[in-house]
Protein chains: 2
Amino acid sequence: MAQKILIVDDEQDIVELLKYNLEKEGYKCYTASNGEEAVAKAKDKKPDLVLLDIMMPKMDGIEACRLIRKEDSLQGIFIAFLTARGEEYSEIAGFEVGADDYITKPIKPRVLTSRIKALLKRKKEDVESNELVVGDITIDRSSFDVVLRGDRLILPKKEFELLYLLASKPGKVYTRESILNKVWGTDVSVVDRTIDVHIRKIREKIGNERIQTIKGVGYRFVV
Amino acid sequence: MAQKILIVDDEQDIVELLKYNLEKEGYKCYTASNGEEAVAKAKDKKPDLVLLDIMMPKMDGIEACRLIRKEDSLQGIFIAFLTARGEEYSEIAGFEVGADDYITKPIKPRVLTSRIKALLKRKKEDVESNELVVGDITIDRSSFDVVLRGDRLILPKKEFELLYLLASKPGKVYTRESILNKVWGTDVSVVDRTIDVHIRKIREKIGNERIQTIKGVGYRFVV
DNA sequence: ACCCAAAGTTAAGAGAATATTAATAACCAA
DNA sequence: TTGGTTATTAATATTCTCTTAACTTTGGGT
């Protein structure tokens, strides 16, 4: 199935230009003209990639990006900013908010398509890896459930993400810091005990022995 | 250890600018001024990232990139092109030849460092999952495991760090002073017996003969 | 062989990190 | 909004690591 791209810009000309060129390459395109619309359409269409202009009325691209990143259902989505040359600050903010790439205007169609192809190729490779089987546990990102020796468990989001992280590299010790970065994100600030509490909840459900504590270091999942 | 960046550009000013800014961020930088030199230095220094100008005398960046990609010993290396605005063709060729990113001139230091950090962060996490194999012992930083002839041992943090230090250079004698500096840090003050006690605990677990005492000097790990 | 500084040993207590519990806050769906 | 679930925090308990002190042993130098 064709990969989907959501194009967001308040200048209609640019939207058309992009849409024309990308559809020629076989991508399915959707469009939006401001941040709010972008977030709504992203939730609705679940595109693979969002091309997001930064300067827009109502809600700017940075904010839209932040909201999209927060959305559970839009996890592996790629976001690339469209930015005019010279918007130095925005570029930095863009990366901090989790952009995967940014593309400078004026847009050169051949460059654009080449670049997008490269981006989406990476993505395609990632995506197929969403069912984890470790020992007697199966963790499935797409259905969001954990199956332990035949029993289906339901974990809330944070617990799921945390378990998924640990189980994705069995044996590897994750420090509290890296757990925070990966499960909670870089900008939030939560107290350390929060992690313990989540670990405890998970242990309650899957058994104590599967997650080990390495005191002074972190946690790891063992088979 | 600091991550290494190889900067390649024929314009000395640009090389200096990049070097200055990246070293300020704590990266170790090497430089080259043309494609041939770049390939040679890449093989020699094994950088984590190559910043590669496209237009250069002797051998251009595209060709250099191709050669680096072919080199077995340089597998996981990252390559980002430096490209002047308007070099449309080159950008496309760059992606086709396997660039991970490209950065447009004129270079804005804050954007550059922000971007490079994002790139290298991904990489660092992979690399650091390295294991040390000395004789019949395997010491794995990422899992915090010490495996002795198949048996998995769990050492507390300090013991682990100490063993890791000694085992990282088998045969080398570490003085008490340097052990303190590296395992405990420069500012703390602990009594000398503390080291003995830790050594003892380690010896208990891995056997006496693997860590030798050189009286009046220090300790060393032997195979 | 003796002395003495350096290293080894042991056990106990301080201290730090994590576990647990319960209460509160944020969130989401009906 | 409301009711129910999830997330976070605070307070307290528990566990394990680290350090120390006191004492013993070792081994090189005279």
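Remember, predicted model here, so these are calculated numbers, not experimental data. Sequence lines set the chain letters: A, B, ... in the order given, protein chains first and strands last, and positions in each chain run from 1.
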Item to check | Residue met sooner reading DNA chain C from 5', once A/Val197 and A/Asp192 are mapped to nucleotides | outcome: A/Asp192
Checklist entry - Do the side-chain N or O atoms of A/Thr194 get closer than 4.0 angstrom to the phosphate oxygens (OP1, OP2) of D/dT9? => result yes
Checklist entry - Could you state the CD-C1' distance from A/Gln212 to C/dA19, rounded to the nearest angstrom? => result 16 Å
Next on the checklist: Counting only side-chain nitrogens and oxygens, does A/Thr213 get under 4.0 Å of the OP1 or OP2 atom of C/dA17?
Outcome noted: no
Next on the checklist: Are more than 12 heavy atoms, taken from residues, nucleotides or ligands other than B/Glu209, located less than 6.0 Å from that residue's CD atom?
Outcome noted: yes
Checklist entry - Any side-chain N or O of B/Tyr219 under 4.0 Å from OP1/OP2 of C/dA6? => result no
Checklist entry - Out of C/dA17, D/dT8, C/dA7, which nucleotide sits closest to the side chain of B/Arg176? => result C/dA7
Checklist entry - How close or far is atom P of D/dT5 from atom NE2 of A/His198, stated in whole angstroms? => result 16 Å
Checklist entry - In whole angstroms, how far is the P atom of C/dT18 from the OH atom of A/Tyr174? => result 18 Å
Checklist entry - To the nearest 0.5 Å, what is the distance between CZ (B/Arg210) and CZ (B/Arg220)? => result 15.0 Å
Checklist entry - Which listed nucleotide (D/dT8, D/dT17, D/dT19) is nearest to the side chain of B/Pro156? => result D/dT17
Next on the checklist: Heavy atoms from C-beta onward define the side chain here; which of C/dT18, D/dC18, C/dG8 lies closest to that of B/Lys201?
Outcome noted: D/dC18
Checklist outcome for this item: Separation of D/dT6 atom P from A/Leu153 atom CG, nearest Å, is 13 Å
Item to check | Nearest-Å distance for atom pair CG/C1', residues B/Leu162 and D/dT17 | outcome: 14 Å
Checklist entry - Which part of the nucleic acid does B/Phe160 contact within heavy-atom distance under 4.0 Å: base, sugar-phosphate only, or nothing? => result nothing
Next on the checklist: How many whole angstroms separate atom CZ of A/Arg220 from atom C1' of C/dT18?
Outcome noted: 16 Å
Checklist entry - So, A/Thr213 and A/Arg203: side-chain donor and acceptor under 3.5 Å apart, yes or no? => result yes
Item to check | Donor-acceptor pair present, B/Lys157 side chain and D/dT17 base, under 3.5 Å | outcome: no
Item to check | Whole-Å distance separating the CG atom of A/Leu180 from the P atom of C/dT18 | outcome: 12 Å
Next on the checklist: Taking only side-chain N and O atoms of A/Arg200, does any of them lie within less than 4.0 angstrom of OP1 or OP2 on C/dT18?
Outcome noted: no
Next on the checklist: Applying a 4.0 Å non-hydrogen cut-off, can you work out what A/Lys158 is touching in the nucleic acid: base, sugar-phosphate, or nothing?
Outcome noted: sugar-phosphate
Checklist entry - Are any side-chain N or O atoms of B/Lys46 and backbone N or O atoms of B/Lys43, one a donor and one an acceptor, separated by less than 3.5 Å? => result yes
Item to check | Carboxylate-amine/guanidinium proximity below 4.0 Å for B/Glu204 and B/Arg200 | outcome: yes
Next on the checklist: Between P on C/dC3 and NZ on B/Lys215, what's the gap in Å once rounded to a whole number?
Outcome noted: 16 Å
Checklist entry - Just to confirm, is there a sub-4.0 Å distance from OP1 or OP2 of D/dA7 to any side-chain nitrogen or oxygen of A/Trp184? => result no
